[in-house]
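This chain uses plain numbering: 1 for the first residue, then up along the sequence.
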Amino acid sequence: MSAPASRSAKGGNVDKTEEGSVAKAVAEGLAKVKSGKPSMSKTVDAGGTAIASCVRDELGRYFDMLDGEKPSGLYRMVIRQAEHALLSAVMRECGGNQSKAAEWLGISRGNLRNKLAEME
């Protein structure tokens, strides 16, 4: 994954490098599920999925990088990155077809367009 990124000493905010690490973990989890082969030597926890395992592993690394500092805005950061990875992967698999991607995602095409615009 990525190297530790700089952090604000007081605010606890993370930069884009740290945010990207969770998104990368989710994307790797999606790739594992699609290929049927794990890309890491660890096995998935009983009852979990490859994606959940990747997110847990990446969050563990993120907390290690914090070195005891309190995280800030963690829920929003993880959900935003997971959504970005999900939308990117689905759009790629659908060849950029928004109608097909919206159907796969179970959301309206307008909602998908709004989410894609927010990603830019």
Side-chain angles (χ1 to χ4, degrees):
M1 295 290 153
S2 62
S6 62
R7 297 185 35 79
S8 159
K10 291 186 178 183
N13 294 328
V14 295
D15 67 18
K16 297 292 183 188
T17 305
E18 284 180 346
E19 287 184 1
S21 64
V22 176
K24 188 174 179 183
V26 172
E28 287 174 358
L30 289 171
K32 281 195 262 183
V33 169
K34 183 178 176 191
S35 70
K37 296 185 248 178
S39 62
M40 299 188 320
S41 61
K42 294 181 181 179
T43 58
V44 176
D45 296 341
T49 65
I51 294 170
S53 180
C54 284
V55 171
R56 275 191 302 275
D57 291 347
E58 192 58 33
L59 282 170
R61 283 190 286 275
Y62 175 73
F63 292 136
D64 287 344
M65 287 189 302
L66 289 178
D67 195 31
E69 264 191 72
K70 182 180 170 186
S72 176
L74 187 59
Y75 180 82
R76 177 183 275 182
M77 179 186 77
V78 172
I79 296 303
R80 182 177 51 236
Q81 291 175 35
E83 183 175 60
H84 186 276
L86 173 64
L87 295 178
S88 296
V90 170
M91 288 301 294
R92 185 176 49 254
E93 288 298 313
C94 291
N97 184 319
Q98 290 184 2
S99 294
K100 185 176 179 181
E103 183 179 340
W104 283 19
L105 292 164
I107 62 176
S108 72
R109 191 169 52 102
N111 192 4
L112 174 61
R113 269 198 317 271
N114 290 338
K115 289 178 179 296
L116 293 172
E118 288 172 9
M119 285 175 33
E120 295 178 355

Qualifying side-chain hydrogen bond (donor to acceptor under 3.5 Å, both in side chains) pairs, either residue in residues 94-106, two or more places apart: none
Distance, nearest 0.5 Å, that separates CG of L105 from CE of M91: 9.0 Å
Heavy-atom side-chain contact between V90 and E93 under 4.5 Å: no
Counterpart residues, salt bridge (Lys or Arg N to Asp or Glu O under 4.0 Å), relative to K115 (two or more places apart): E83
Atom pair CG (L59) and CE (M65), whose distance is rounded to the nearest 0.5 Å: 10.0 Å
Side chain to side chain, M77 and P71, heavy atoms closer than 4.5 Å: no
Neighbour count >12 (heavy atoms, 6.0 Å) for atom CG, D67: no
Distance in Å, I107 CD1 paired with L87 CG, rounded so as to fall on 0.5 Å steps: 6.5 Å
ILVMFWY network linking I51 to I79, side-chain heavy atoms under 4.5 angstrom: no
Distance-minimising heavy-atom pair for L112 and A101: CD2-CB, 3.7 Å
Within-4.5 Å side-chain heavy-atom neighbours: V78 and Y62: no
Minimum-distance pair of heavy atoms, taken over all atoms of S88 and M119: OG-CE, 3.7 Å
